[in-house]
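In each ligand, atom 1 is the first atom listed, and ligand 1 is the first ligand listed. Hydrogens, waters and symmetry mates are skipped; everything else that's a heavy atom, side chains included, is used.
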Amino acid sequence: MQIPNLSDISTLLLDMDGTLLDLNFDNYFWNHYLHQRYAEIHDMPGDEARTHVHETLAREHGNLNWYCTDHWSSEFEVDILALKKEVTHLIQYREGALQFLQHLESMHLDVILVTNAHHDVIALKHQHTGLLDLLPDMISSHDYGVPKERTRFWHQLIKDRNLNQPTTMLIDDNVDVLEAAQQSGIAYQLCIGKPDSRRDITPVTQFPVMDDLSELTESALS
Ligand SMILES: [Mg+2]
């Protein structure tokens, strides 16, 4: 599937986790670290903690609560943000993402960070990457009360920002999110094939796939 050309784009919507930043931080936190710390904090056997955390998380998959640190702090009776701060060494740009953002600064494009992350997590990630210095225009789905997996989110964004749908592109690592944006009339989608540097490539056929985003701006600038 053909990679969209940046010269056809006026507004670029960029996801954060798994697109600009390595999803290894999030996968490690939710799939390993939280179980371990939950077992320690609540003095519970590791296997029991793992099952409980996994099953509780699964109930909210794809919902806004899935992305809400307040919800999970209350549900698990732990301070999720404080626990995330214990593993901040894993908050890193994906390969090529920083160069990509630096290249974008010299291009005449409106660029908006569009994320499901909660504001406190965005602030934490900015603190360790400087992301918002490069991408100050930002929308969290928590502002709209509906996640990016729903078309209602995109209709609201299109209206709020008066987006020209035929020249708008979304880059995201979540196929459900890309599909919702496409159904809402956003013309271009680009999927990240390897959002987590420690995991294998996810096979995606519905959308064009790219990994090193710096290739996108390099071809446009050459
Ligand atoms: Mg993502």
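With respect to Asp176 and Lys148, no salt bridge is recorded, no charged nitrogen being found less than 4.0 Å from a carboxylate O. Classification of Asp110 and Arg161 as a salt-bridged pair fails, no side-chain N sitting under 4.0 Å from a carboxylate O.
Considering Asn116, Thr115, Asp120 in turn, Asp120 is the only one that fulfils the side-chain hydrogen bond (donor to acceptor under 3.5 Å, both in side chains) rule with His118.
None of the N, O or S atoms belonging to Asp172 lies under 2.8 Å away from the Mg ion (ligand 1).
The name of the N, O or S atom in Asp173 nearest to the Mg ion (ligand 1) is OD1. Checked against the Mg ion (ligand 1), the N, O or S atom of Asp17 at the shortest distance is O. Nearest N, O or S atom of Asp15 to the Mg ion (ligand 1): atom OD2.
A donor-acceptor contact under 3.5 angstrom links the side chains of Tyr144 and Asp160, judged on distance only.
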